[in-house]
Novice: 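Structure provided below as C-alpha cells; questions to follow.
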Number of protein chains: 2
Amino acid sequence: MVYSQVVDTTKTQKAARGEGPRERLLRAAGTLTYREGAHVGIDAILTSADVARRSLYQHFGGKDGLVAEVLREASERTEQGYSDALASGGDDPRTRLRALFAHLETVPDAPGYRGCPFVNADLSLADPAHPAHDVIRAHKRRLRALLEAELRAAGHPDPVTAGVQLMLLIDGAAVTAASRPDEQPAAAARALVELVISQTAPAS
Amino acid sequence: MVYSQVVDTTKTQKAARGEGPRERLLRAAGTLTYREGAHVGIDAILTSADVARRSLYQHFGGKDGLVAEVLREASERTEQGYSDALASGGDDPRTRLRALFAHLETVPDAPGYRGCPFVNADLSLADPAHPAHDVIRAHKRRLRALLEAELRAAGHPDPVTAGVQLMLLIDGAAVTAASRPDEQPAAAARALVELVISQTAPAS
DNA sequence: TAGTGAATCGACCGATCGGTCTACTTTGTG
DNA sequence: CACAAAGTAGACCGATCGGTCGATTCACTA
C-alpha cells in the first residue's frame with residue numbers, strides 16, 4: 001500500500017519515462033517463453049529485455065517466479081478479453097457466448113500462433129511443484145466459471161458439464177490449431193459449441 | 001523377413017536373454033520423457049536403460065532421433081489399440097465408435113497419467129524442425145482417418161468435420177485430465193461424442 | 001579357436017544452465 | 001548537496017547439457 005504522495009509521483013514519473021526493468025522482463029519473458037518454449041535460457045530473456053541479471057532476482061526471485069508472474073498477468077488480460085468479448089454480445093447469454101466464440105475463432109489466425117500459452121506452459125513444465133501450475137489451473141477454472149455462468153443464465157440444464165465441454169473444445173482446438181491448422185479445428189469446434197449453446201432453453 | 005533358422009535361433013536367444021540395448025533405450029526413454037518431460041537429460045536415460053552412451057548414438061544418431069523413434073513406435077501401439085477397441089465393438093460403426101470411446105475413457109485413470117504423450121511432446125519441443133513433429137502429425141492424422149472411416153461407414157453427413165471434432169474432444173479431454181482431473185473431462189467429452197455419433201443416420 | 005562386430009566403460013569436449021556476488025552508475029529525494 | 005535505493009555490468013560458481021572418442025569386454029560365428 002502506498003500512502004505518500006511523493007512515492008506516487010515517483011512511480012508515475014518512472015512509468016512515464018518508459019517501462020521499468022520489471023515490465024521489460026515480463027514482456028520479454030512472455031514473448032520468448034511462448035515462442036521458444038518454457039525452457040529458454042535466462043540469458044536470452046535478460047538480453048532481450050536489456051535488463052541486468054540482478055534485477056530478475058530482485059523482482060521475481062528467480063526464473064520460476066518470473067515465469068509464474070508472466071502467466072499470472074497474462075491470465076488477467078485473457079480473462080478481461082473473455083469478458084469484453086462476452087459484453088460485445090449484449091444481454092442475451094446465447095448471443096454473448098456466440099460473440100465470445102466468434103472472437104476466439106480469430107485468435108489462431110495471428111502470425112506466430114503456437115497454441116494456448118497456458119496449456120503449453122502447463123505441459124512443458126514437468127515439475128508438478130512449479131508455481132506456474134497453480135496459476136494456470138486457477139486461470140482455467142475462472143474461464144470455466146465464466147462460461148458456466150453464461151450457460152446457467154441461458155437456462156442450460158447442466159451448466160457445469162456444459163462449461164467443461166466448452167473448455168474442452170477451446171483447449172482441443174488450440175492444441176490442434178497449433179500443430180495441424182489445415183484441419184480447421186476452430187470451425188469444427190464451432191459446430192459443437194453451437195450444439196451446446198442450443199441445448200439451452202429457446203429464447204423465452 | 002527371416003529365412004534362416006540360424007538367424008532365427010540367434011535372435012530368439014538374444015530375445016530370450018533379454019532386451020537388447022536398443023529396446024532398453026526405447027523403453028527407458030519412453031518412460032522418462034513421458035514422466036519428466038521431453039527435456040530429460042541423456043544421462044538419466046542412459047542410466048535408466050543401463051546402456052552405454054555410445055550405443056545411443058549408434059542406434060539413433062542422437063537424442064532427437066531417439067525421441068522421434070520412441071514416439072514412432074508408440075504411435076504404432078496406440079493405433080493398434082484404437083483398432084482393437086473398434087473391433088471389440090463388432091460390425092456396427094456406431095457401436096464400434098462407442099466401444100472405442102468407452103476404452104479411451106479409462107485411459108486417464110491409469111496411475112501416473114500425464115496426458116497424451118504425443119500432444120505433450122508436440123508442445124514441449126519448441127523447435128519446429130524437430131523430427132518428432134512429423135511423427136506426431138502423421139500419427140494424429142491416421143487416428144483422425146480411422147475415426148473418419150467409421151463415421152463415413154455410419155452414414156455421417158460430414159465425416160471429415162466429425163472426425164476432427166472427435167479428435168478435438170480426445171485431445172482436449174487428455175489435456176484437461178492431466179491438469180484438472182476433478183472436472184471429469186472424459187464424462188463431459190463423452191456426451192458430446194454421443195451427440196456426434198447420433199448425427200449419423202439411425203440404424204437402417 | 002580365431003576373429004569380427006556389437007556393446008560397454010568412462011574420460012573428455014565446449015556450451016549453457018540457473019544462480020550468486022562485487023563493484024560501479026544512475027536516479028530521485030531529503 | 002548528500003544519500004539511499006534501484007539498476008547495470010560482468011565475473012564467477014557448480015552442475016548439467018548433448019555429443020565425441022579411445023580402449024576394453026563380450027557374444028556369436030565361421
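A note on names: the letters A, B, ... follow the listed sequences, proteins ahead of strands, and every chain is numbered from 1.
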Novice: What is the distance, to the nearest angstrom, from the CG atom on B:Asp43 to the C1' atom on C:dC13?
Specialist: 14 Å
Novice: With DNA chain C as reference, determine whether B:Pro21 or A:Ala44 sits nearer its 5' end, using the nearest nucleotide of each.
Specialist: B:Pro21
Novice: Starting at atom CG of B:Leu66, determine the distance to atom C1' of D:dG19, rounded to an integer number of angstrom.
Specialist: 14 Å
Novice: So A:Arg24, base contact, sugar-phosphate only, or nothing? Heavy-atom distance under 4.0 Å.
Specialist: sugar-phosphate
Novice: Can you identify which nucleotide, out of D:dG18, C:dA7, C:dG18, has its nearest atom closest to the B:Lys63 side chain?
Specialist: D:dG18
Novice: Can a donor-acceptor pair be found, under 3.5 Å and without considering hydrogens, that links the side chain of B:Tyr34 to the backbone of B:Arg114?
Specialist: yes
Novice: Partners of A:Arg96 by side-chain hydrogen bond (donor to acceptor under 3.5 Å, both in side chains), sequence neighbours excluded?
Specialist: A:Glu150
Novice: Can you tell me the distance, in whole Å, between the CG atom of B:Leu25 and the P atom of D:dG19?
Specialist: 13 Å
Novice: If you measure from CD on A:Gln165 to CD on A:Gln199, what distance do you get to the nearest 0.5 Å?
Specialist: 6.5 Å
Novice: Grab the CG-C1' distance between A:Leu125 and C:dG18 for me, whole Å please.
Specialist: 15 Å
Novice: Is the ring pair B:His39/A:His39 parallel, tilted or perpendicular, if the boundaries are 30 and 60 degrees?
Specialist: parallel
Novice: Can you tell me the distance, in whole Å, between the CD atom of B:Glu36 and the P atom of D:dT16?
Specialist: 14 Å
Novice: Residues in side-chain hydrogen bond (donor to acceptor under 3.5 Å, both in side chains) with A:Glu105, at least two apart?
Specialist: A:Arg190
Novice: Tell me, which of residues 45-61 of chain B have any heavy atom that sits under 4.0 Å from an atom in DNA chain D?
Specialist: B:Arg53, B:Arg54, B:Tyr57
Novice: For the pair A:Arg137 (side chain) and B:Ser179 (backbone), establish whether a donor and an acceptor sit closer than 3.5 Å, ignoring hydrogens and angles.
Specialist: yes
